[in-house]
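Below: one structure, written as structure tokens.
Per chain, numbering begins at 1; letters A, B, ... match sequence-line order.
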Amino acid sequence: MLEILTQSALTLLSMALTLVVPGLLVVRLVDRSNRLFSPIERAVLAVATSIIFTDVALLSIDAAGVPFGRLTLLCLFGIAAVLLAADMVRSGRGGEKRPDVTVSIGFVVIVSALLVFKTIFLVPSLLPDSTDLGHHMYWVERIASEGRIPEYVEREIKLQPDGKYALADPEPISDFIVGEHLPIAAVGILSGAENSSTYPVLVLFLIHVVTAGALYALARRVFAPSASAGTIALVALFLFGTLYAIDPPQMKYVVGGVVGNTIGNLLIPTAFLLVTIAYRERRPSVLALGVIVAVAIAYTHHLSALLFAAAAIGAGAFLLAVGGDDAVRRIRQIVVSAPVLLAIAASASFLIFVHMPSYLENSAAKTVIGAPEASEHQGYSVSQLASAVGEPRFVLAVLGLAFLFAPVRMIRSDAVWLLAGWTIPLVAFVLAPDVLRIDLPSGRVANYLVFPVAMLAAYAIVRIANMLRDEPGLPRWIPTMAVVVFVLAASFDGYLDNARYLADAKERFASVLSLRDASRYLAARVPEGMRVVHDHINIPGDSWVKLSFMEDYNYPFYRAHLFRYDRADDRAEKCTLLAISTPNSDEARACTGELGIRFFLVNRDIDGSQFDHFGRFSRIFDGPEVSAYFSLPHAADPSGIRSR
Amino acid sequence: MNERKVVIALTLASAIVIGALLVGGAVAERREYPGRFSIAFEDPVGAGGEVVIMNGSPSRRFTVTVLSGGVELGSVEAVMLPGQRRIYVSAEAIAGTMTFSDDVRVRVSDESGVTREISKIFTPR
């Protein structure tokens, strides 16, 4: 137990050192007056900029040719901690005190409820088994074990012109971006925790909870200086974080290991928060930080980067449309300034001289331009979109958007340019990808709408309550009742959604651990020259198997979902399909022989019969769900097993 | 309420939650689950019949039976000490003077009756 407590404390400390300390230092440097950011904004910015600090620092260290181990990171984050402590001591002695900002008890209640819902859902997934997270953790393991930035490449099985199977040369992968792996790797390196343990999910959990804070802080800034800004932010936080607390892109993404998207979800509202503050307060240094956060999105997740760019362009267009000459003057004043130009130059230099995201290097961005091809890229109907973001939220958001453009507004124009500019392009991507010739997964794009939708819906609720309040002759309890009725109506669907997910959440700890036993057993015993294939369809969390081997991203080979073998742009080879579906067929014998595949890891109850039925396969491992088989060599290849 | 104090309190609360989840995850990794045991040949490729029982269940007693050509050659009870997670048994030792024919099968049952079986085929059929 002592060992568990020590390792847990070390991991918690590493998370604080990596995900809080450097950012807190950056925020204090940007806001020397101590008056610019509220405490909630500081907390949000601390985590967001810590992620960026970690990315920039590790990429720079790697570019300098220095491997980063625990000692390097300890020095790096230790220096940040010492500088932060020194700055805090100095400002405590004579620095300006920040003005008191208050927050209502409702905030504490909502955040507490949000933490409870999300934590309950997280508990059955404490031992991670999601396929996506397994894929990501392969790269994290590479970074942690090699102490350098890995080359994002994989070796695929190729059918050669002579009809034989062989392993192709390594080819670049554009699906992964190093910025999403470095913060997790840094925590792992510092703490020494195993990458198959709980900590990666908890890093994502922390980032996700802070994202809810970012939305609250942004809503409060966007609707300021209206007296209702705090209430709108509170309702937005409730609609975003407490209702549909599990639905994508929230906890489902956290336990599902949708790493880049989860980090992108923090960085997008953070970037808009900084832009809003910079514009409102005319602060170039804040915009400079906003530029760095925006560039960091590109180093973290390509879909987030693309949709952020679309939203930013939309917001800019609306700002120019509603703000007129005054907006142009103000933008020029802020943008044409030393801090912003320096941030742009530094970002460009980093991109050119230090590290370029793999998807830019591989020109993978081109793949999103053109008519949508896959069925899940064909766009949503309005009702599908409403369902994706939650029907009550959607209806209220439409009302909120209409209110934004109403002749008499209760707010300044910032909300119009930001919220309309953020929402409309994303809605267009979801509803009409064919018209815009955008080839993106519609469901994933719809998930990004929950941020502006929550703010717009909150605005609609508060606006209706205010209208009723200002109506002469109406008793005062009516607006209060109206808010209660709206919130209850919106809550029903959201809580139902939470309940559905919580009821479905089942712990699979025994299966997860058994799969680890099987994969570690095989990794330790498969002789050189022989290879392994495992099943993806019937073994949950099978991607974690590759962490035991650490040979290649695509190894062990796996039987993919069957539809992938029929898609023209996907699996050209059929060997992994045959090897598990019909292992004793002539085709399977031939191709597994060519590839050296002799070991098979399958779900015994579903796919075991294919192997048990034929006297060529020895079941060499048997666990609660999975079994491993070893095949006697093909008649033409007598090597590999000695006859008794 | 003072926002700064609220943020500090929520940060501490989050740290406690994350700390508790870290401990919970580590405990879940080490816990024993009924029926969670695996068996395997120590040398899957060669001819050796040494079997490893990887235990993650509360069971401490396992019945190991060796068969060949459909005939039971012998059976022993393997006992694990508390805290022990793996034990090794030899199919050859269990079979004694009996010899394997075209295959050897090892069947292991725990105290609750959960059974696993592994096999090694020497002559393909």
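Taking Ala40(B), Ala15(B), Gly24(B), Ser57(B) one by one and counting their heavy-atom pairs under 4.5 Å with chain A, the maximum is reached by Ala40(B). Annotation: maximal heavy-atom pairing with chain A below 4.5 Å, among Val6(B), Val51(B), Val104(B), Val108(B), occurs at Val6(B). The greatest number of non-hydrogen atom pairs below 4.5 Å with chain B, out of Ile105(A), Val626(A), Leu522(A), Val201(A), is found for Ile105(A). The candidate from Val526(A), Val209(A), Leu127(A) with the greatest count of non-hydrogen atom pairs under 4.5 Å with chain B is Leu127(A). Your options are Ala628(A), Ser631(A), Ala510(A), and the one with the most heavy-atom pairs under 4.5 Å with chain B is Ala510(A). With respect to chain A, the highest number of heavy-atom pairs below 4.5 Å among Arg31(B), Met1(B), Glu32(B) belongs to Met1(B).
Under 4.0 Å is where a charged nitrogen must lie from a carboxylate oxygen, and between Glu3(A) and Arg30(B) at least one such pair does. For Arg36(B) and Glu625(A), the salt-bridge test fails: no basic side-chain N is under 4.0 Å from an acidic carboxylate O.
Pairing each heavy atom of Glu3(B) with each of Ser38(A), the nearest pair is OE2-OG, 3.1 Å. Here the shortest heavy-atom pairing between Leu21(B) and Thr198(A) reads O-CG2, 4.0 Å. Nearest heavy-atom pair across Pro624(A) and Ser38(B) is CD-OG, 3.7 Å. Contact between Ala28(B) and Leu513(A) at its shortest, heavy atoms only, is O-CD1, 3.8 Å.
Residue-environment remark: CZ (Arg107(B)) stays at or below the threshold of 12 foreign heavy atoms within 6.0 Å. The number of heavy-atom neighbours closer than 6.0 Å to CZ of Arg85(B), taken from other residues, nucleotides and ligands shown, is above 12.
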### Task
Could you walk me through whether Val45(B) and Arg598(A) pass the side chain to side chain contact (heavy atoms under 4.5 Å, CB included) test, one step at a time?
CA-CA 10 Å; Val45(B) 176; Arg598(A) 296 282 294 277; 5.8 Å; no

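Atom CG of residue Leu632(A) and atom CZ of residue Phe122(B) lie 9.5 Å apart, to the nearest 0.5 angstrom. Rounded to the nearest 0.5 angstrom, Met54(B) CE and Asp622(A) CG are separated by 10.0 Å. For the atom pair CG (Leu10(B)) and CD1 (Ile40(A)), the distance works out to 8.0 Å, reported to the nearest 0.5 Å. Distance CD1/Ile18(B) to CG/Leu206(A): 4.5 Å, rounded to 0.5 Å. Here the CZ atom belonging to Arg619(A) is positioned 8.0 Å from the CD1 atom belonging to Ile39(B), to the nearest 0.5 angstrom. Taken from CD1 in Ile620(A) to CD1 in Ile118(B), the straight-line distance is 8.5 Å, to the nearest 0.5 Å.
Of the possible donor and acceptor atoms, one in the side chain of Tyr521(A) sits under 3.5 Å from a partner among the backbone N and O of Phe41(B). Using a distance-only test at 3.5 Å, with no hydrogens or angles considered, a donor-acceptor pair links the side chain of Ser618(A) to the main chain of Ile121(B). At distances below 3.5 Å, not a single donor-acceptor pair connects side-chain atoms of Arg525(A) with backbone N or O atoms of Pro44(B). Counting only distance, with no hydrogens or angles, the side chain of Ser8(A) and the backbone of Gly19(B) share no donor-acceptor pair below 3.5 Å.
Only the side chain of Phe599(A) comes within contact range of chain B, judged by heavy atoms closer than 4.5 Å. In this structure, chain A has heavy atoms under 4.5 Å from both the backbone and the side chain of Val27(B). Both the backbone and the side chain of Tyr199(A) come within contact range of chain B, each with at least one heavy atom under 4.5 Å from a heavy atom of that chain. Heavy atoms closer than 4.5 Å to chain B are found in the side chain of Ala43(A), but not in its backbone. For Val23(B), the parts sitting under 4.5 Å from any heavy atom of chain A are the backbone and the side chain alike.
A salt bridge (charged side-chain N to carboxylate O under 4.0 Å, His left out) check over residues 14-29 of chain B, counting only residues at least two apart or in different chains, returns the pairs Arg516(A)-Glu29(B).
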